[in-house]
Amino acid sequence: MLLAYDYGLTFVSGMPLSAHGQLNRLRRAIGMLDMLSMRGRRAPTEYMIQPIENSDGDPTVLGRGSFQYRLGLTTLSVHVGLPVSSTIQIVLDGVVALSTTTSGAQILTVSLAGRGYGDYQVIDCVVQVTPHTGARGYRLYDAYVAPVSGIVGAPPALPAAMTSSLPLSALQALATLADWQMRVCATVTQSAFMGTLFQSAMFWPGQQLLWSGSIAKDNDADRLYLSLSYRVETNQAEQLQLQISGVGVATSPTWSAGQGGNYAFDISLAAYADGAILDIRLLQVVTTAEASGVRPHASRYSVVDVYTYRASYPYATPVAISDALEVLPFSTVRDRLNTMRSQLSAITTRIQQAPDVFDRMRLFSWIPGSDAGQIAYFGGECRTMAAMGIRAHDLLWVKGRDLALCYGPRSVTANLDAPYAITWVHEERITSGDAVETKLIRFDSYAGLFPGVPYAIVGPDIRFVHEGFV
Amino acid sequence: MTPPTRAQITAPLTQPTYQVRIWVSGGWQALSVSDIQQVDIQHTTSDDLHGVAFGASVGAEGSVVVADTPTLRAYTWQLMPIRVDFGFATSDRVQAFVGIVTAMQRDGVTMTWTCRGLDELMRGTPVYTPMIAGHLAATQTTVTSAELTSGGIINVILWTCGGRPLEQQATYPSAVFYYTCHNALIAPAWAWVAGENAWDELQRCCKAVGGQIIQRPDGVIAYVNPLYFGAMSGTPFTFGGATFATVSLQGEARDIVASVRMRVTIRRMQGEQTVYEDTTARYVAANSTISVVCDLPVPVYDYVYAASGAPTLPSTGIVATDIWGVRATPAATLTQSAAARATIHIANTSSTPLIVSRLALRGRPVEAASDEQAIIGSGMPQLELGDAAEALVQSSAHAAMLGALYTSFYGVPRPIITLHTCGYDPDRIVGERCVLHDPDAGFTNEPVRIVAIRVHETGATMDVDVVSVAGLPTLDQFFVVDGVYTDTDQRYLGY
């Protein structure tokens with residue numbers, strides 16, 4: 001069940017051009033790289049909206065997250081929106097790395113050079129305002145470390161098309177280019193989505209923010225997908241509204257008491273500019289509360305994932321599969337190789353033209369909360385929030401306290417006046433005790449957690465959940 | 001005199017000469033001809049009845065019968081190096097066998113030394129190698145080939161056993177033996193040896209990538225790429241009806257392969273982690289050293305050394321105190337850094353004893369991450385490769401290549417043809433491509449490969465096993481890397 005990419009395809013002068021070991025391997029790699037290079041982006045969750053509206057601490061946390069430092073990364077960038085002139089601080093592993101006073105929409109940057117971080121070390125990041133004057137409307141749109149090109153280097157040169165020979169240098173250059181592309185795709189794997197599990201919503205008329213985050217359109221991924229599940233307990237009429245930059249762009253059907261299920265917003269972003277940050281908000285709009293004589297109970301929502309994707313995927317047509325001892329004219333062999341060369345070239349171009357997807361590694365967002373009480377509320381007592389993903393890789397890096405990996409069928413028991421009780425068939429402890437631990441786990445160690453299977457990391461203090469390749 | 005000429009070799013009446021040399025007191029000593037009563041030697045490429053079977057099942061064997069004299073009896077015969085040379089009265093002798101004595105039998109009149117080739121030396125040599133990532137299983141030996149850094153696992157095993165490339169003989173004039181390798185066809189993702197006997201490992205390697213290991217009469221160990229089995233250079237020697245007395249043929253249906261079944265164990269390098277930890281308390285006396293051998297449960301690609309880059313343990317890897325409990329930092333050097341074994345040399349240069357209470361090695365292990373079965377080809381008989389493939393076949397591409405290789409080489413019966421009682425011919429060597437032409441026996445210009453030579457009667461006659469190589473693919477039939485072609489050139493794609 002492992003990733004079917006093997007690095008280090010080599011050619012040797014004077015040795016036969018291999019069908020299975022070289023041509024088919026390169027062909028298969030290109031198919032995979034073609035798909036991976038058409039990926040969109042996942043939206044980081046911005047949780048601090050509600051906590052900060054209710055908190056005037058000093059400092060007041062705008063957002064917390066973590067990134068995995070890799071040798072070659074140079075800069076942490078944080079996109080914030082400040083309603084008034086404020087002193088904002090970026091704290092890395094407990095050390096104030098930036099303190100500046102500014103206002104409006106800003107991209108704050110922190111150099112990662114000289115901080116003594118080791119390769120693969122997970123670094124905690126807190127963005128905070130100090131002092132918080134009570135103003136409302138702070139935003140934390142995006143946070144990422146870059147450049148990935150500093151880790152993987154520049155793309156190797158594309159060799160010239162082959163004409164009347166099979167030059168070792170050209171063949172090896174194709175393999176090297178494919179390896180570089182895979183390294184890019186393997187390096188910028190995405191963090192798990194910090195979603196909600198049947199969080200309580202309103203049971204009175206009005207509207208309430210259920211989820212907020214931001215995303216940018218890039219790499220031709222011009223559709224937005226927001227998947228959720230819902231359960232309306234007593235409200236007679238309510239629906240969800242999706243807003244982009246404050247403008248309602250889609251609404252769900254109207255649901256009534258007793259209804260529940262899965263729903264997804266799937267809308268076009270074609271009208272928005274590439275790279276522009278889109279402020280996404282999901283609101284619950286209750287038009288009619290419970291019927292007379294019915295005891296009111298909150299509706300429940302799970303926001304499972306928010307990401308962009310392409311409306312269509314123009315995959316390159318693979319070259320013919322080669323067979324051992326296949327007898328061919330040279331022109332056919334050369335054409336297969338040159339077609340693969342062109343396909344690799346197109347993939348490189350795609351990667352280089354989508355820096356938001358392939359040159360930036362986004363921070364994993366923590367469970368929100370400025371203080372222990374809030375953290376406990378969001379992460380422990382209610383177990384309302386969890387890091388969710390669908391296995392697409394081999395490994396999972398996790399950092400946190402008292403974490404469990406949950407997957408498989410789950411049962412949900414509706415506790416109308418309390419958090420829903422959720423149990424999974426597979427709930428494996430991956431850290432224990434009160435210490436914050438960083439662990440690397442292999443998905444294959446867990447029976448039934450095949451590629452494509454959804455999973456969740458639950459616990460009171462989830463600091464980093466990020467898939468990776470071996 | 002000079003080496004035997006064709007005229008001397010093929011003369012109607014030859015006068016064989018022979019010499020047996022043994023390694024005594026640091027030098028080669030020739031036995032008196034009068035003491036030598038009988039010498040028989042043989043070289044083979046495989047113990048399979050299928051003539052082009054992959055592996056290194058059998059190397060060289062011999063038996064030397066000498067007079068049971070007090071002088072010869074006094075020699076320490078166990079593992080005594082021995083060489084046999086054959087020639088003719090009018091020529092020099094040429095080396096025909098290199099090996100060691102493995103058994104002795106005497107009856108007061110004669111003493112028989114049973115000999116084996118260099119494979120016997122390697123059988124008794126446990127080998128630990130570093131992890132080799134993505135190299136062809138065997139790499140072409142040249143005057144400048146860097147065997148330990150860019151060689152394949154076969155090269156590294158041969159080197160570790162004391163061999164040196166034949167092409168580098170001038171640099172290593174006193175090597176235990178010499179070897180020469182073709183490039184193999186397949187590059188295993190990860191290859192290492194963890195203490196297994198070297199000869200068995202070579203056999204497994206050949207079965208997992210195709211090819212044979214043979215010992216030539218001059219003692220050189222050679223890895224032969226299967227695409228050279230049927231390859232010919234120059235004018236081949238022809239075994240005509242006059243060159244042998246009789247001919248026989250034997251084969252077995254079980255040696256035909258229509259499909260191949262094998263385990264594919266996908267391995268992946270893991271992130272840096274503790275790969276060995278030992279909390280055994282060890283006492284290191286003042287001004288003394290100890291060595292600790294660490295056998296790792298999982299092989300590693302590399303180890304984490306101290307910041308200096310020298311192969312020393314980082315300070316976090318060793319916990320030591322003096323006998324009063326005061327922390328000490330003795331130098332801990334890795335004197336062996338194989339994939340599955342490390343040896344740590346701990347030096348206490350102080351004047352008080354130390355107690356080492358923890359040793360830990362960090363590195364990047366290579367773990368089996370997935371295990372599946374592959375069946376290549378279709379129909380019966382089906383060959384199960386077993387442990388021959390288990391260690392080295394680590395990708396579906398490797399399985400596909402190997403399966404195609406087996407079905408094309410084992411797809412038709414290639415029985416052993418034995419040419420009995422040929423005149424001894426020192427120019428004939430195992431692995432040589434020849435022609436068999438004896439229409440009376442049913443062979444008309446049949447391309448054959450010598451797979452065994454058994455010399456009898458102290459260099460007078462020999463039996464030769466050959467196998468037909470008709471239809472076997474050869475390198476010149478393939479598109480090769482760096483080859484120049486026209487659009488209409490037709491060739492095979494490789495495996």
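Chain A is the first sequence line, chain B the second, and so forth, proteins listed ahead of strands; every chain is numbered from 1.
By number of non-hydrogen pairs under 4.5 angstrom with chain B, the leading residue of A/Ser331, A/Pro16, A/Ser169, A/Gly8 is A/Pro16. Interface remark: of the candidates A/Arg25, A/Arg334, A/Glu326, A/Glu326 forms the most heavy-atom pairs closer than 4.5 Å to chain B. If you tally non-hydrogen atom pairs under 4.5 Å between each of A/Leu168, A/Leu325, A/Asp323 and chain B, the highest count goes to A/Leu325.
In this structure, chain A has no heavy atom under 4.5 Å from any part of B/Ile186. With a 4.5 Å cut-off on non-hydrogen atoms, B/Leu185 touches chain A through its backbone and its side chain both. Neither the backbone nor the side chain of B/Ala189 comes within less than 4.5 Å of any heavy atom of chain A. At a 4.5 Å heavy-atom cutoff, the contact between A/Leu23 and chain B is made by side-chain atoms alone. Contact of A/Val12 with chain B is made through backbone and side chain together, with heavy-atom distances under 4.5 Å. Contact of A/Thr10 with chain B is made through the side chain alone, with heavy-atom distances under 4.5 Å. Heavy-atom distances place the side chain of B/Phe478, and not its backbone, under 4.5 Å from chain A. In this structure, chain A has no heavy atom under 4.5 Å from any part of B/Thr139.
B/Tyr303 and B/Tyr305 have parallel rings, their planes meeting at less than 30° on a 0 to 90° scale where 60° marks the start of perpendicular. Relative ring orientation between A/Phe67 and A/Tyr117 is described as perpendicular, the plane-to-plane angle rising above 60° on a 0-90° scale split at 30° and 60°.
The residues B/Glu367 and A/Arg442 are annotated as salt-bridged, a charged nitrogen and a carboxylate oxygen being separated by less than 4.0 angstrom. Comment: B/Glu272 engages B/Arg362 in a salt bridge, judged by a side-chain N to carboxylate O separation of less than 4.0 angstrom.
When all heavy atoms are compared, the tightest approach of A/Asp124 to A/Lys399 is OD1-NZ, 2.9 Å. Minimum heavy-atom separation, B/Arg268 to A/Tyr5: NH2-O, 3.7 Å.
Checking each of A/Tyr407, A/Tyr446, A/Tyr455 against A/His426 for a ring pair (Phe, Tyr, Trp, His ring centres under 6.0 Å) leaves exactly one that passes, namely A/Tyr407.
B/Val209 has its side chain within reach of B/Pro188: a pair of non-hydrogen atoms, C-beta onward, lies under 4.5 Å apart.
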